[in-house]
Amino acid sequence: MTRNSSVTARKSILLASAAAAAFLAIPAAAQTAQEGADQTTSDDAGEGDVIVVSGYRESLERAIDIKRDTIGFSDSIVATDIADFPEQNLSEALQRVPGVTIERDKGLGTRVNVRGLPTEFTHVQINDLATASGSGGRDVEFDIFASELVQTVTVYKSPTAAQEEGGIAGIVDIRTARPFDFSGSRIVGSVEGAYNSISEEIDPQASLLVSQTWGPFGVLLSAAYGKRTNRTDSNSGINFRPISRWTDRGNAQTDQAIAVLERDAGIILDPADDDQTSRIVFLDKVGDRIYLNDQERLGFSGSLQYKPSDELSVTFDAFLGSYDSTEDEYDAAAYSASSRSTLDVIHDYDDTTLADYGIVVLRDVSYTATQHEFLSKERVNETNYRQFGGELNWAPGNWTIDMLGGYSGADKSSDYANLKHVAYAPSRTRYTETGGETIPSDDPASFDMYNSPSSYLFEAYETTYEEISDDKYAAQIDIGRSFDRGSLLGLSSVHIGARYTDKTKERNYGEEKIQGPTPGDSSYVNERTLADSDLMDVIDIVGGKDYQARDLTWQQISNGYARDFFRPDGFLSPFDDGQFYRVKEKTWAAYGMVNFDFDLGSMPVLLNAGARYIKTDIRSSGFFQIQNSDGTTGYTDEPVSSDGDYDKLLPAINATIEVTDGLILRGAASQTLIRPALTDLAYKRTASFNDFRFTDGNPGLKPTYADQWEAGAEYYFGSGGLLAASYFWKNIEGVVQNELTGVVRDVTKYNANGTIDGVYDFDVYQPVNAEGSYDVSGVELVAVLPFGMFSRTFEGFGVNANVTFLDSSLTGESDIDVPTSPVGLADSVYNITGFYDQGPFQVRVSFNRKGAYVERIERNMYPVYRDAYGQFDFSASYQMTPSLRVELQAINFTDEPTTGYTIDPSFPTTYEFSGSRISLGVRAQF
């Protein structure tokens, strides 16, 4: 199916669904504040489950109620929070939660970090079922979920024994709507158009919900559809490269590099001194690129509910959809460190900025043979997810019986292509104020890299194809017995329960180079030039405004032309056995938990204590790389499997003391875990026959564990205000790293002609749980202040703000001892929203800022930082009638760029613009 026909088919599905009244919108978004009193809270709502009410202020109060009533530490957003904040998807809504940060990709939030820990350290569940993901690991890609389908999100930061394990950072609990969340009949719909300031495209978005109850029976159907066309312009990819690139060669390039260093910078270099050569660096790559990302999201949810009384509820939920994206990238890049090049002239160098680390940066250099590249890249991703679950909640007398069963699945395919043309020529590369640039050098053979298409020779049309499937089944039972207050030792309830989960994730991957008109033909290589294909101005290809990162333009081959000309019809890269893996996990869990409710003097005390025992069995499969008797490299005929297992008792305790009316002291302590990455568990083997080394996965890995505690104080104002502060600490042990784990003896190694080279012992390296641990700690501060509680003059005005400060003992990842914090950990994050919500008007301005953090360690030596990033968002609405509401939203309305640097801001690596997004829409309720 072509991309256009796929879009048409999806729109047809959407219209058919709309005819069936199955679009979702958050019902409260179309209600007036007066109608909020008519909203009800479901009597069977579980811990942290709240039904939406009208008005932003009311939604804040409901979120505060969740926080107050939860025995542990938690923060929530309710439906109006998600629907009415100017958010592009669920992850961007979650960034408003204290302690939560998000990872942005080209201006769009994708993954969620809780308290500075990696995304895979967070457990995500929808309606109490662990969420399947199309990623190759355990992290969840939040951008696949339409926020319109979500009713409530609660982030639990201290677990109870009854909650499913798997998140050292926390648990993100997503809830969808059910029919008895509302009274009687409800129809709510929305339509909006959104404009991107760079692509200048207007994208549609629509949603509708229908809910109806008949006596004890209820049905809810909902759906959401949205498109997003986003363009990102980026002058980036500017990395440090050590001078050892040439000084290790021992040839004429080495001699010239040493001579130029001494002549132009006064540096006398010993090429055998690895420490010295690692500390003389130059700009490896400078690139200008434009990304055009077309996304299409279609989601459905439905719920059937039988609720004859407050004591009994039986529910069946479905949550499914698709998320398709096509990203076109047009890249003009220059690699100074080509295999043919070396230093020519050093025009400027910096030996002072990084003098504390002994690093000299060659800021402006002419090179003898820079590798210039024109790249047309296309990434086509398709993700389909589905979840089905059934739930029984029964409360006969003093007993409660809760049962849950369901399935969650996701499938993702990724089709990637890169059309590559290359030219070698002398060039000059240098830092600019915001990034870098490559210009002609004084060498007569130099050229204008952006305007010399006939100089670029075809190298390859590179393709890859990946398929990932993730399937999860779960069943749980919880039996509870409650007691009257004042019972023995203040015992209020006892719970026991068990849960079974079965998870299977499989990944296939392959790559192929096309270099001619037929398979195996390489007649295009070094013969066909960039000028032999149809060229267009890059802005004409992507549409919209001029290139935003620099005053620059160039001509490029469109991905549409590249796909039609170079790729045979129906071609997909064949799978590579060496990249296959399948991991299957089965976990049995049992828990016991007691709750106490008593008074300490005049202060009410709530105490929850329990333990969860888990046992996990793992079977992992993958192909082993072998050497055939003719000297070629191959793989085993069938996947090789290996088993692993572990068990653990996880204790948890949570307590609150209400010191005075409104003042609550809260404490928690527990042990939690995160299971090993699937790529580390994958039992596949790669071989380096020249190094006499095997690299295996390790199904015997144990989880990474954390001992954690938290203490805090919260003051609740009667008018919906909150002041809260907490301190948390985590000690994390058993992190995974690669080590020598054994030896395979007597391995026959063959020469390329099939003769026997010899019989050798091969070392085996595997990921293992390392000794030692590290600490992560932090402080969270929250303030929700409706100004009307101070004076009626300010009724309707208020502020919702939070800040998190983070610290970690894990430092020194750089091989050349440049101090660095853990990758991804920002030392501070804050959110502030000023709002006015009175009568028919609602206005909010939000600012979110994440501090600078280490994005990666380039070559394990040079920390590359993502700069601190702050973004302003705006939302305004007017209730025209009790049934109709108009909304205006603006995301990143100040058009903030994304920037980064290596070690010091004077060495920029990224200068990227994704523009602002303005939307105008209407919501109606009947």
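Sequence positions, counted from 1, serve as the residue numbers for this chain. Only this structure's heavy atoms are used, side chains among them; waters, hydrogens and symmetry mates stay out.
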Could you pull out the closest heavy-atom pair between Val100 and Val829, with the gap in Å?
-> O-CG1, 4.4 Å
Hits for side chain to side chain contact (heavy atoms under 4.5 Å, CB included) against Gln387, two or more places apart or cross-chain, chain-then-number order -> Ile126, Asn127, Leu129, Phe319, Ser408
Verify whether the ring centers belonging to Phe841 and Tyr878 lie closer than 6.0 Å.
-> yes
Of all heavy-atom pairs between Glu795 and Gly788, which one has the smallest distance, and what is that distance?
-> OE1-CA, 3.6 Å
Counting N and O atoms only, with roles assigned by atom type, does the side chain of Ser199 sit under 3.5 Å from a partner on the main chain of Thr229, one being a donor and the other an acceptor?
-> yes
Between the CG atom in Asp317 and the CG atom in Leu404, the distance rounded to the nearest 0.5 Å is 9.5 Å
Which pair of heavy atoms, one from Ala474 and one from Arg499, lies closest together, and at what distance?
-> CB-NH2, 3.9 Å
Determine whether more than 12 heavy atoms belonging to other residues, nucleotides or ligands lie under 6.0 Å from atom CZ of Phe794.
-> no
Is there a donor-acceptor contact under 3.5 Å from the side chain of Asn892 to the main chain of Gly915?
-> yes
Using distance only, find each side-chain donor-acceptor pair of residues 209-219 under 3.5 Å and give its atom names and separation, not counting sequence neighbours.
from, atom 1, to, atom 2, distance (Å)
Gln212, OE1, Ser185, OG, 3.2
Thr213, OG1, Gly184, N, 3.4

Could you grab the distance from atom NZ of Lys67 to atom CD of Glu714, nearest 0.5 Å is fine?
-> 4.5 Å
Between the side chain of Asp411 and the main-chain N/O of Asn384, is any donor-acceptor distance below 3.5 Å?
-> no
Side-chain contact test, heavy atoms from C-beta onward, threshold under 4.5 Å: evaluate it for Leu392 versus Leu312 and give yes or no.
-> yes
Where the side chain of Asp502 meets the backbone of Tyr473, is there a donor-acceptor pair that is under 3.5 Å apart?
-> no
For the residue pair Phe874 and Phe893, categorise the inter-ring angle as parallel (less than 30°), tilted (30 to 60°) or perpendicular (more than 60°).
-> perpendicular
Given side chains that start at C-beta, do those of Arg175 and Thr154 come closer than 4.5 Å, heavy atoms only?
-> no
Cationic N near anionic O, under 4.0 Å, Arg923 to Glu887 | yes
Indicate whether the side chain of Gln295 and that of Asn293 have a donor and an acceptor atom separated by less than 3.5 Å.
-> yes
Quick check: does any side chain N or O of Thr232 sit under 3.5 Å from a backbone N or O of Tyr291, one acting as donor and the other as acceptor?
-> no
Supply the atom-to-atom distance Thr152 OG1 to Arg62 CZ, rounded to the nearest 0.5 angstrom.
-> 10.0 Å
Donor-acceptor pair, Gln163 side chain versus Thr160 backbone, under 3.5 Å?
-> yes
With a 4.0 Å cut-off, would you call Asp873 and Arg844 a salt bridge?
-> no
OH of Tyr195 to CD of Glu201, rounded to nearest 0.5 Å, is 9.5 Å
Report the C-alpha separation of Val886 and Leu920 in whole Å, then their side-chain angles, then the decisive distance to 0.1 Å, and conclude whether the side-chain contact (heavy atoms from CB on, under 4.5 Å) test is met.
-> CA-CA 8 Å; Val886 178; Leu920 179 65; 4.2 Å; yes
Give, for atom NE2 of His123 and atom CG of Asp173, the distance between the pair rounded to the nearest 0.5 Å.
-> 8.5 Å
Under a 4.5 Å cut-off applied to non-hydrogen side-chain atoms, are Asn196 and Asp203 in contact?
-> no
Within-4.5 Å side-chain heavy-atom neighbours: Phe316 and Val314 = no
Might you work through the side-chain contact (heavy atoms from CB on, under 4.5 Å) test for Thr400 and His495, ending with a clear yes or no?
-> CA-CA 9 Å; Thr400 60; His495 289 263; 3.9 Å; yes
Could you tell me whether the side chain of Ser303 reaches within less than 4.5 Å of the side chain of Thr176, counting heavy atoms only?
-> no
Test side chain to side chain donor-acceptor pair (under 3.5 Å) on Gln838 and Arg57 and set out the steps.
-> CA-CA 9 Å; Gln838 184 78 356; Arg57 287 187 298 166; 3.2 Å; yes
What distance do Ser469 atom OG and Lys412 atom NZ have between them, rounded to the nearest 0.5 Å?
-> 13.5 Å
Ile64: which of Leu722, Asp69, Asp75 passes side-chain contact (heavy atoms from CB on, under 4.5 Å) | Leu722
List the atom of Gly134, the atom of Ala410, and the distance in Å for their closest heavy-atom pair.
-> N-CB, 4.0 Å
Donor-acceptor contact below 3.5 Å, side chain Arg885 vs main chain Gln925 = no
Count the heavy atoms of every other residue, nucleotide or ligand shown that sit under 6.0 Å from CE of Met789, and state whether that count exceeds 12.
-> yes
Non-hydrogen atoms of Tyr385 and Ser322 that approach each other most closely | CE2-N, 4.2 Å
Residues Arg386, Asp471: salt bridge by 4.0 Å N-O rule = yes
Heavy atoms of Ser74 and Ile66 approach each other most closely as OG-O, 4.3 Å
Only one of Gln476, Arg178, Gln305 passes side chain to side chain donor-acceptor pair (under 3.5 Å) with Glu391; say which it is.
-> Arg178
Would you please test Phe787 and Thr793 for side-chain contact (heavy atoms from CB on, under 4.5 Å) and show each step?
-> CA-CA 9 Å; Phe787 294 158; Thr793 304; over 6 Å; no
